[in-house]
Number of protein chains: 2
Amino acid sequence: MPSLTSVLGVLDPTSDRAVFRQIADALREAIDKGRFREGDKLPSETELVDHFGVSRMTVRNALSLLQQEGLAVSEHGKGVFVRPRPPVRRLASDRFARRHREQGKAAFTVEAEAAGSRPEVDNLEVKEERPSQDISARLGSPRKVLARRRRYLLDGRPVEFATSYLPLDLARNTPIAQPNPGPGGIYARLEEMGHRLDHFDEEIRARMPSPAEVRTLQLASGVPVIHLVRTAFDAEGRAVEVCDTVMAADAYVLAYQLPAN
Amino acid sequence: MPSLTSVLGVLDPTSDRAVFRQIADALREAIDKGRFREGDKLPSETELVDHFGVSRMTVRNALSLLQQEGLAVSEHGKGVFVRPRPPVRRLASDRFARRHREQGKAAFTVEAEAAGSRPEVDNLEVKEERPSQDISARLGSPRKVLARRRRYLLDGRPVEFATSYLPLDLARNTPIAQPNPGPGGIYARLEEMGHRLDHFDEEIRARMPSPAEVRTLQLASGVPVIHLVRTAFDAEGRAVEVCDTVMAADAYVLAYQLPAN
DNA sequence: TAGTGGTCTAGACCACTTT
DNA sequence: AAGTGGTCTAGACCACTAG
């Protein structure tokens with residue numbers, strides 16, 4: 001068992017750098033060097049207080065910095081741990097290609113099981129509502145829309161929350177308005193209804209989550225969200241669906257392939 | 001001048017919610033409702049202490065929460081302000097299409113000037129180096145690579161830091177190894193050298209910045225980064241370049257268009 | 001019960017900005 | 001000089017987790 005001094009070093013009293021930043025630096029360096037690995041418990045606040053000879057608030061300030069950086073997570077009553085990197089889900093840009101819709105199951109389920117994870121979908125809600133200004137503009141200003149909300153989980157962990165919006169005149173009294181729209185999902189139904197899909201536009205942003213998103217996705221501090229808005233266009237150029245998705249950024253990598261010409 | 005009570009309300013002493021969270025909630029709600037707008041100064045710590053009748057650390061905890069959420073930024077000696085939303089740069093998925101390379105200027109410069117911004121590129125560094133394991137794997141395991149580093153700024157604000165890696169056997173003693181590779185950039189040079197570009201793969205992640213990235217991009221707390229890794233493939237299927245880009249997430253929206261078939 | 005982190009107080013001194 | 005946020009101390013009590 002190495003001493004804390006050999007792992008964390010000591011403070012430099014001549015440095016201009018704030019003490020809590022020096023402590024955070026020491027911990028960050030130890031993590032980077034592999035002295036603490038994913039899931040390892042960091043020294044407790046009391047141990048750090050004793051080791052560095054500072055007050056508890058100074059130590060907490062340092063640990064708070066690491067959490068903001070996404071390097072550590074605290075668990076009440078247990079300790080502060082090096083944040084485990086969850087398995088990452090890769091979203092390929094061809095994931096909505098027509099050939100992926102032939103199968104009966106939802107893309108999320110098929111893909112997750114192939115990756116050895118246990119997929120769940122919950123919070124299913126299907127509602128008619130008045131669209132926000134943004135959604136309305138993207139869909140060609142319908143008076144009302146059908147909203148389909150769901151949350152995706154992998155191995156019990158929420159990773160994504162998505163809402164699909166469709167113009168109500170298009171979706172009302174169709175399988176799309178059912179909780180389960182059937183094999184191939186709503187895109188398959190849209191094509192059966194004569195809206196052959198032509199292309200999708202996707203817009204990607206990243207930001208820190210709102211408090212509501214922290215709850216819904218059970219996000220640790222220091223984890224941003226990826227906000228993806230996808231618009232589906234049919235062969236006539238009509239926007240037939242907008243899907244608004246918020247993803248836990250540490251659970252995803254998005255992959256796109258672009259032609260050069 | 002409305003009273004603080006009318007803007008922020010009062011604490012609920014019967015609530016289980018921590019006092020600093022209640023204060024953060026009050027400020028967040030006031031911001032959402034437009035009582036404080038972008039760039040506005042929030043009440044000072046002293047004012048909040050007096051208004052809520054709590055200690056300064058409690059108030060600071062609340063303000064710190066808002067900063068972590070990306071809602072506020074503090075400026076030493078001046079105050080805490082509602083974080084201004086900078087103009088967003090839209091990256092279209094066809095930005096590397098061949099037709100955009102005919103012009104003499106760099107894409108970044110052309111686009112920024114069209115949007116009414118003042119573009120700068122600095123920190124130009126061109127170096128031969130040994131590739132990291134990740135870069136090496138993407139480029140087909142060259143022993144050495146040419147690395148081209150640069151930072152992009154809009155109106156004086158750093159928004160993006162990028163490094164291009166090319167196999168050294170391909171780039172050595174070519175215009176690509178010059179600080180200024182000439183009109184159309186390195187992609188134009190690659191095509192002149194017989195590497196007709198076929199497609200690009202892009203991988204997108206979002207995460208909190210490292211301390212070094214905070215410095216380079218002058219990021220406020222509560223602003224994540226978008227990490228984009230693009231690999232360029234020539235017509236023979238060879239990976240001829242990997243571009244590793246870190247962007248201030250609040251300055252970008254990435255747009256992609258995907259075919260449906 | 002002992003150890004952990006979460007919240008909160010009431011001070012102090014410092015550094016930066018503005019007047 | 002006055003006001004602002006930045007850092008730090010030395011306590012206190014609480015809530016959660018573990019053995």
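Naming convention: chains lettered A, B, ... in sequence-line order (proteins, then strands); numbering from 1 in each chain.
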*Please name the residue in the list A/Thr163, A/Val121, A/Asp122 that meets the side chain to side chain contact (heavy atoms under 4.5 Å, CB included) test with A/Arg150.*
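The single option meeting the side chain to side chain contact (heavy atoms under 4.5 Å, CB included) with A/Arg150 is A/Val121.
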Every protein N/O lying under 3.5 Å from an N/O of nucleotides 1-4 of chain C:
from	atom 1	to	atom 2	distance (Å)
C/dG3	N2	A/Gly77	O	3.0
C/dT4	OP1	A/Ser44	OG	3.4

*Can you list the residues that meet the ring-ring contact (aromatic ring centres under 6.0 Å, His included) rule with A/Tyr256, with sequence neighbours excluded?*
B/Tyr256
*Sequence neighbours excluded, which residues qualify as ring-ring contact (aromatic ring centres under 6.0 Å, His included) partners of A/Tyr165?*
none
*At under 4.0 Å between heavy atoms, what does B/Arg21 touch on the DNA or RNA strands: base, sugar-phosphate, or nothing?*
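Counting heavy atoms under 4.0 Å across all strands, the contact made by B/Arg21 is with sugar-phosphate only.
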Contacts under 3.5 angstrom, residues 34-43 of chain A side chains, donor-acceptor by atom type, not counting sequence neighbours:
from	atom 1	to	atom 2	distance (Å)
A/Glu38	OE1	A/Arg85	N	3.1
A/Asp40	OD2	A/Arg37	N	2.7

Which residues pass the side-chain contact (heavy atoms from CB on, under 4.5 Å) test with [X], not counting sequence neighbours?
X        : value
B/Asp50  : B/Thr46
A/Arg157 : A/Pro86, A/Val159, A/Ala248, A/Asp250, A/Ala251
B/Leu11  : B/Val19, B/Gln22, B/Ile23, B/Phe52, B/Val54
A/Asp32  : A/Arg28

Sequence neighbours left out, cut at 3.5 Å: what donor-acceptor pairs do the side chains of residues 60-67 of chain B make with other protein atoms?
from	atom 1	to	atom 2	distance (Å)
B/Arg60	NH1	B/Glu45	OE2	2.8
B/Ser64	OG	B/Gln68	NE2	3.2
B/Gln67	OE1	B/Ser74	OG	3.3

Show me the donor-acceptor pairs within less than 3.5 Å that the side chains of residues 218-227 of chain B make with the rest of the protein, sequence neighbours left out.
from	atom 1	to	atom 2	distance (Å)
B/His227	ND1	B/Arg207	NH2	3.4
B/His227	NE2	B/Asp244	OD1	3.2
B/His227	NE2	B/Asp244	OD2	3.1

*Interface limits on DNA chain D, where chain A has a heavy atom under 4.0 Å of a nucleotide atom*: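 Contacts span D/dT7 to D/dA18, reading 5' to 3'.
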*Anything below 3.5 Å on both distances counts as a pair; with that, list the stems of at least three consecutive Watson-Crick or G-U pairs involving DNA chain D.*
C:1-18 with D:1-18
